[in-house]
Amino acid sequence: MTTASTQHLVSRGFVDAAPVRKRIREFLDADYSLYQLHKLTGVNTTTLGRIVNGTSTFADPDIAAIITRTTVEDADAVYKPAIDPVHLERILNGEPCAPPRSKDKPAYARTLHRTYGWGSGRIATALSMSGTAVNKAISEEA
């Protein structure tokens, strides 16, 4: 990039993209896609791709702030399944409770099947899942 265009971008408030690139790579290293990062931050996937590939050496300061303050732990909270032991206990005891969140249902299904020997029909009823979804969940690796 020429000095004139660099000065122009800096004068418009653009910032060095290196810290943003580093943060995006942390997400990619944690097996998140640019699309998942886009859904989490609202930043366009094309913009994310240009930054991570080095095509963009400067970043809009608002985009830089969004990306650098978003952590892999934030993504884990949204995308990684979690089992609440209290909720699991209620399901095991047949107590009335709301079904787990959709993203967590496969993890519950695998646990109920592998740890407690529940069949797919019983799991489908307890978790409000289709039989197909239960079978897919219990056949996947954790």
Side-chain angles (χ1 to χ4, degrees), residues 1-93 95-116 118-142:
M1 186 172 282
T2 67
T3 304
S5 60
T6 299
Q7 289 173 343
H8 175 73
L9 288 172
V10 171
S11 72
R12 291 186 55 212
F14 280 66
V15 297
D16 182 14
V20 182
R21 184 175 304 108
K22 181 180 177 191
R23 180 55 57 98
I24 294 171
R25 286 195 179 127
E26 290 173 13
F27 284 94
L28 297 175
D29 291 344
D31 292 328
Y32 287 107
S33 67
L34 292 180
Y35 180 76
Q36 288 172 311
L37 184 56
H38 152 71
K39 294 298 281 181
L40 193 63
T41 63
V43 176
N44 184 292
T45 55
T46 302
T47 301
L48 294 170
R50 287 179 180 154
I51 293 170
V52 78
N53 293 329
T55 307
S56 296
T57 55
F58 287 89
D60 178 281
D62 294 333
I63 289 173
I66 291 168
I67 298 299
T68 55
R69 78 170 171 247
T70 305
T71 65
V72 171
E73 290 77 20
D74 295 331
D76 288 345
V78 172
Y79 292 111
K80 298 287 183 185
I83 295 179
D84 176 356
V86 173
H87 200 162
L88 179 62
E89 190 67 28
R90 288 183 181 146
I91 293 168
L92 288 167
N93 293 333
E95 297 174 17
C97 60
R101 296 180 300 176
S102 294
K103 76 173 184 79
D104 299 333
K105 286 183 179 184
Y108 277 89
R110 282 190 294 276
T111 299
L112 290 168
H113 179 71
R114 294 176 184 164
T115 306
Y116 299 98
W118 281 29
S120 59
R122 188 174 178 193
I123 295 169
T125 301
L127 301 180
S128 299
M129 294 174 73
S130 70
T132 303
V134 170
N135 290 331
K136 181 181 177 193
I138 63 179
S139 65
E140 292 176 347
E141 292 298 315

About how many Å separate [atom2] of [Y] and [atom1] of [X], when rounded to the nearest 0.5 Å?
| X | Y | atom1 | atom2 | answer |
| --- | --- | --- | --- | --- |
| D104 | K80 | CG | NZ | 12.5 Å |
| L40 | T70 | CG | OG1 | 5.5 Å |
| F27 | L34 | CZ | CG | 11.0 Å |
| T41 | R23 | OG1 | CZ | 12.0 Å |
| H87 | E95 | NE2 | CD | 10.5 Å |
| L48 | I24 | CG | CD1 | 5.0 Å |

Where [X] and [Y] come nearest, the two heavy atoms and their spacing:
| X | Y | answer |
| --- | --- | --- |
| H113 | I138 | CB-CG2, 3.6 Å |
| I83 | A107 | CD1-O, 3.5 Å |
| A137 | M129 | CB-CE, 4.5 Å |
| V72 | E26 | CG2-O, 3.8 Å |
| A124 | G131 | CB-N, 4.4 Å |
| P99 | K105 | CB-CE, 4.0 Å |

Task: Side chains of N135 and T132, donor plus acceptor under 3.5 Å - done: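 Not at all, the side chains of N135 and T132 share no donor-acceptor pair under 3.5 Å.
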Open item on the list: Checking side-chain polar atoms at under 3.5 Å, does N44 have a donor or acceptor matched by the opposite partner on T46?
Closed with: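 Indeed, the side chains of N44 and T46 share at least one donor-acceptor pair under 3.5 Å.
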Open item on the list: Looking at K103, I want to see if its NZ is surrounded by more than 12 non-hydrogen atoms of other residues, nucleotides or ligands under 6.0 Å.
Closed with: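 Result for NZ/K103: enclosed.
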TODO: I would like to know whether F58 and V15 meet side-chain contact (heavy atoms from CB on, under 4.5 Å); could you show each step before the answer?
DONE: CA-CA 5 Å; F58 287 89; V15 297; 5.8 Å; no
- [ ] Name the orientation class of the two ring planes belonging to Y32 and Y79 (parallel below 30°, tilted from 30 to 60°, perpendicular beyond 60°).
- [x]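 Y32 and Y79: tilted rings.
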Does [Y] offer a backbone N or O that forms a donor-acceptor pair with the side chain of [X] under 3.5 Å?
| X | Y | answer |
| --- | --- | --- |
| T115 | L112 | no |
| Y108 | R101 | no |
| D16 | A18 | yes |

- [ ] Check side-chain contact (heavy atoms from CB on, under 4.5 Å) between S102 and all other residues, then give those that pass, not counting sequence neighbours.
- [x]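 With neighbours one apart ignored, the set is empty.
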- [ ] For I91 and L127, run side-chain contact (heavy atoms from CB on, under 4.5 Å): C-alpha distance rounded to whole Å, both residues' side-chain angles, the deciding distance at 0.1 Å, then the answer.
- [x] CA-CA 8 Å; I91 293 168; L127 301 180; 3.7 Å; yes
